[in-house]
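For the single chain, residues carry numbers from 1 onward in sequence order. Since we're looking at a predicted model, the values are computed, not measured.
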Amino acid sequence: MFLFFSYSTMTIFGTFLPIYFRENGLSGTEIGWLLAIGPIASIISQPVMGFLSDKYRSTKRTIVACLTGAIAISFILAQVDSFIGFFLVLFFFFFFISSVNPLGDSIARQTSEDEKVSFGFIRMWGSLGFGVTALVIGYVFTIIGIDKIFLAIIICLFVTLAIAFSITERRKTNKPVTLIDAVKMGLEPRLFVFLLVVMFIFITHRTNDNYLGLYIVELGGNESYIGLATFIGVASECLVLATGAFWFKKFHETTFIMIAGSLYSIRWFFMTVISDPQLLLVLQLLHGVTFGILFLSAFQYVSKILPKHLLATGHVLFFTILFGVTAMIGSLGGGMIIEFLSIKFLYFLLGISAAIGVLLTLLYRTMFIFKEKATRAKTEKMEI
């Protein structure tokens, strides 16, 4: 339930905030900067919060502190009505809120091991909260107006905080954590190169997260269409995550990443030729297959190569790079491309980026995974 409501909050400000900004007369470039401030804040905040969670061995307390700070800032945010004001206050809001979901997913990963339950099944509840809230709040905003967005955010934050106090976490190691350990982990070639490679695919996902609502409006849809599109995508995502235990172990994680990247590329190229928002709703069925497979595969692979005493730090680094840095690039670049070219051309570039990511993942397999298997086989042969 914690994941359900924490991701519900993300739905509201992630999916509908660009529409609120457009209604307040902000330009595409200004919206791009405001969407980018969140990733910028997360890049600063998330590594700190992850490190503190591991150092003091309490992810739960870090989550409670982050939610408390986000609630305090959200009351100030509700009073702002200018670009400069939004820019400054949003930085502090995202500084606190951006670490909540990564830390929640880290606890979910620990819980899946302790309870012998598929991580995808637990993580599915976050996606379910994201989709259900998008569907409901889309119709609510159609009735009461998008100007009530901050009231909805504050309510969701209070509910999430109340549930956070009942979270249970079990640390499997008491090994001390130092800043040097965290830095060494981040610079380890197998992890660093992997995150760099899959960035090309994750950029396309995060860019679509920010501008899907604007594209729907441009095609003639309203807020209810945005909510419905999000719900359709996340419903299929839940199905993929919930069934991960049945299909996930059949191949290596990078194989699934390449499959997801290829489907992403096809999906974005189709987005460039549609002209009816109803066709976009049909394409949203691919969301679950693309993001569900990509996220589960990448997160599981990173979890396998992280040191046990640095799991929270590593998981947050994963989110910082693949959700924070990519969102910043997508927000700034996407806003300028939309303003000076077109949103259809933006999706064309996303298709190319996803294809590049697939090729780089194949190269990564050759450089690291195949090489490791060959070395392991050689070592076993020598021991025999």
Side-chain angles (χ1 to χ4, degrees), residues 6-7 9-10 13-14 17-18 21 30-56 58-77 80 83-107 153 157 160 164 177-188 191-192 195-196 198-199 202-203 205-207 209-210 299 302 306 310-335:
S6 67
Y7 275 89
T9 307
M10 187 177 74
F13 65 74
L17 209 54
F21 291 147
E30 288 175 328
I31 293 174
W33 274 104
L34 291 178
L35 295 178
I37 197 63
I40 292 172
S42 70
I43 291 169
I44 299 171
S45 169
Q46 287 179 350
V48 174
M49 299 303 178
F51 175 73
L52 292 176
S53 296
D54 281 331
K55 183 172 180 60
Y56 296 105
S58 181
T59 304
K60 173 181 175 178
R61 282 187 292 180
T62 307
I63 289 174
V64 169
C66 288
L67 285 170
T68 303
I71 289 172
I73 298 299
S74 63
F75 281 102
I76 301 174
L77 188 59
V80 177
F83 171 73
I84 297 299
F86 281 129
F87 190 87
L88 295 175
V89 181
L90 274 175
F91 176 86
F92 293 102
F93 176 78
F94 282 110
F95 183 86
F96 288 106
I97 198 64
S98 63
S99 297
V100 173
N101 287 338
L103 293 175
D105 282 353
S106 183
I107 293 181
I153 290 174
L157 284 173
T160 307
V177 175
T178 67
L179 187 59
I180 294 176
D181 291 333
V183 172
K184 286 182 178 178
M185 177 204 66
L187 295 178
E188 200 277 322
L191 175 63
F192 179 80
L195 294 177
L196 186 64
V198 295
M199 269 184 64
F202 270 91
I203 282 176
H205 173 78
R206 296 296 286 138
T207 305
D209 279 349
N210 287 328
F299 191 79
V302 166
L306 286 175
L310 289 170
L311 273 179
T313 304
H315 286 154
V316 172
L317 176 66
F318 172 88
F319 276 87
T320 300
I321 301 298
L322 299 184
F323 287 85
V325 174
T326 57
M328 180 181 67
I329 296 172
S331 297
L332 291 175

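- Using a 4.5 Å cut-off on side-chain heavy atoms (C-beta onward), Leu77 and Ile153 make no contact.
- When side chains are defined from C-beta on, Ser99 does not count as touching Thr62, because their heavy atoms never get closer than 4.5 Å.
- A distance of 11.5 Å separates CD1 in Ile73 from CD1 in Ile97, rounded to the nearest 0.5 Å.
- Interatomic distance, Leu90 CG to Ile76 CD1, rounded to the nearest 0.5 Å: 12.0 Å.
- Of the possible polar contacts, none joining the Ser45 side chain to the Ala41 backbone as a donor-acceptor pair under 3.5 Å is found.
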With side-chain contact (heavy atoms from CB on, under 4.5 Å) as the test, would you mind laying out the steps for Val80 and Leu88 before giving the verdict? CA-CA 10 Å; Val80 177; Leu88 295 175; over 6 Å; no
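- Summarising the geometry, atom SG belonging to Cys66 is positioned 11.5 Å from atom CG belonging to Leu157; distances are rounded to the nearest 0.5 Å.
- Taking all atoms of both residues into account, the shortest heavy-atom contact from Ser6 to Asn101 is OG-OD1, 2.9 Å.
- A heavy-atom distance below 4.5 Å is not found between the side chains of Leu103 and Ile107.
- Looking at heavy atoms from C-beta onward, Phe93 lies in side-chain contact with Ser74 at the 4.5 angstrom threshold.
- Closest non-hydrogen pair, Thr68 versus Val64, comes out as OG1-O, 2.8 Å.
- Using bins of under 30°, 30° to 60° and over 60° for the plane-to-plane angle, the ring pair Phe202/His205 lands in the perpendicular bin.
- Within 6.0 Å of CZ in Phe91 there are more than 12 heavy atoms belonging to other residues, nucleotides or ligands.
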